Amino acid sequence: MYLVREIMYCKPGKVRPMVEKFHTMNKLSKKLGMPTMRIMTDFSAERYWTIVAELEVADLKAFEDMMQNPSGSPEDMKELENVMKDYHDLVQYGRREIYKIEVPA
């Protein structure tokens, strides 16, 4: 099992709109059979205005397949595209971390 962590550093005042995008994407992802993300904002972090979204996948192939070939109808894909439209306006930069889970919780 792997933990995929998406870390986004938002522009000042843009955290809430980005959280809303992730929340909406989470609802749609569930409908598409994708893993649910845990969405967190910084209480104390390296930088202000940080959002972290985590999800677990069985293996890296599953993650790659999910990113390359998401399942769903054309309408679902269009909705997902609309949800994430213009998210670059909210974020300064981001990064992805992937961890192998050695001992599950």
Side-chain angles (χ1 to χ4, degrees):
M1 185 70 70
Y2 288 84
L3 173 74
V4 179
R5 182 178 288 157
E6 306 287 353
I7 302 168
M8 303 283 181
Y9 300 102
C10 293
K11 295 176 182 175
K14 302 300 181 183
V15 170
R16 187 57 37 202
M18 193 66 201
V19 167
E20 290 168 6
K21 284 187 178 291
F22 273 123
H23 184 65
T24 303
M25 190 169 62
N26 230 2
K27 289 181 196 175
L28 182 58
S29 295
K30 185 176 180 180
K31 179 180 169 185
L32 298 174
M34 297 166 71
T36 302
M37 291 182 293
R38 180 173 37 203
I39 304 163
M40 300 167 281
T41 57
D42 68 284
F43 184 77
S44 174
E46 181 182 333
R47 291 193 49 180
Y48 291 116
W49 309 300
T50 300
I51 296 175
V52 177
E54 294 181 337
L55 60 97
E56 292 183 14
V57 293
D59 54 47
L60 295 178
K61 174 110 174 72
F63 179 68
E64 186 176 5
D65 289 347
M66 181 178 68
M67 297 302 286
Q68 299 282 332
N69 305 305
S71 62
S73 69
E75 294 82 19
D76 292 334
M77 295 299 100
K78 186 69 173 169
E79 186 177 350
L80 188 59
E81 183 181 313
N82 286 336
V83 167
M84 293 311 288
K85 183 179 183 218
D86 298 327
Y87 86 93
H88 290 103
D89 295 339
L90 307 175
V91 174
Q92 288 182 334
Y93 69 93
R95 70 178 201 268
R96 176 179 293 141
E97 299 173 347
I98 301 177
Y99 298 94
K100 183 177 179 186
I101 298 173
E102 298 289 346
V103 179

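A quick note: this is a predicted structure, and the numbers were derived from the prediction, not measured.
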* Asked: For the atom pair CG (L32) and CE (M66), what is the distance rounded to the nearest 0.5 Å?
  -> 11.0 Å
* Mind checking the CD-CD spacing from E97 to E6? Nearest 0.5 Å is all I need. => 9.5 Å
* **Nearest non-hydrogen partners of M25 and L80, listed with the distance** => CG-CD1, 3.5 Å
* To do: Determine the minimum heavy-atom distance between G13 and P17, stating which atoms define it.
  => O-CD, 4.1 Å
* Asked: Does the pair E81/K78 count as a salt bridge with the N-to-O cut at 4.0 Å?
  -> yes
* **Rounded distance [0.5 Å steps], CD in Q68 versus NZ in K61** => 9.5 Å
* Are the side chain of K11 and the backbone of Q92 linked by a donor-acceptor contact shorter than 3.5 Å? -> no
* Treating Ile, Leu, Val, Met, Phe, Trp and Tyr as nodes and any side-chain heavy-atom pair under 4.5 angstrom as an edge, say whether Y9 and V15 lie in one connected cluster. => no
* **Gap between atom NZ of K27 and atom CD of E79 - 0.5 Å precision** => 10.5 Å
* So if you build clusters from Ile, Leu, Val, Met, Phe, Trp, Tyr with side-chain heavy-atom gaps below 4.5 Å, do I51 and L28 land together? -> yes
* Asked: Is there a side-chain contact between M18 and Y87, using heavy atoms and a 4.5 Å cut-off?
  -> yes
* Test side-chain contact (heavy atoms from CB on, under 4.5 Å) applied to D42 and R47, step by step -> CA-CA 8 Å; D42 68 284; R47 291 193 49 180; over 6 Å; no
* Structure fact -> Taken to the nearest 0.5 Å, the spacing of F63 CZ from M34 CE works out to 9.0 Å
* Asked: Does one side chain, of S29 or N26, offer a donor that lies under 3.5 Å from an acceptor on the other?
  -> no
* Treating Ile, Leu, Val, Met, Phe, Trp and Tyr as nodes and any side-chain heavy-atom pair under 4.5 angstrom as an edge, say whether Y48 and Y93 lie in one connected cluster. => no
* Asked: Between CG of L90 and CZ of R16, what distance do you get to the nearest 0.5 Å?
  -> 12.5 Å
* Asked: Can you hop from M40 to L3 via hydrophobic side chains spaced under 4.5 Å?
  -> no
* M8 vs F22 side-chain heavy atoms within contact, under 4.5 Å -> yes
* Are the side chains of V91 and K14 in touch, meaning some heavy atoms are under 4.5 Å apart? -> no
* Following the transitive rule for hydrophobic clusters with a side-chain heavy-atom cut-off under 4.5 Å over Ile, Leu, Val, Met, Phe, Trp and Tyr, establish whether I98 and I101 coincide in one cluster. => no
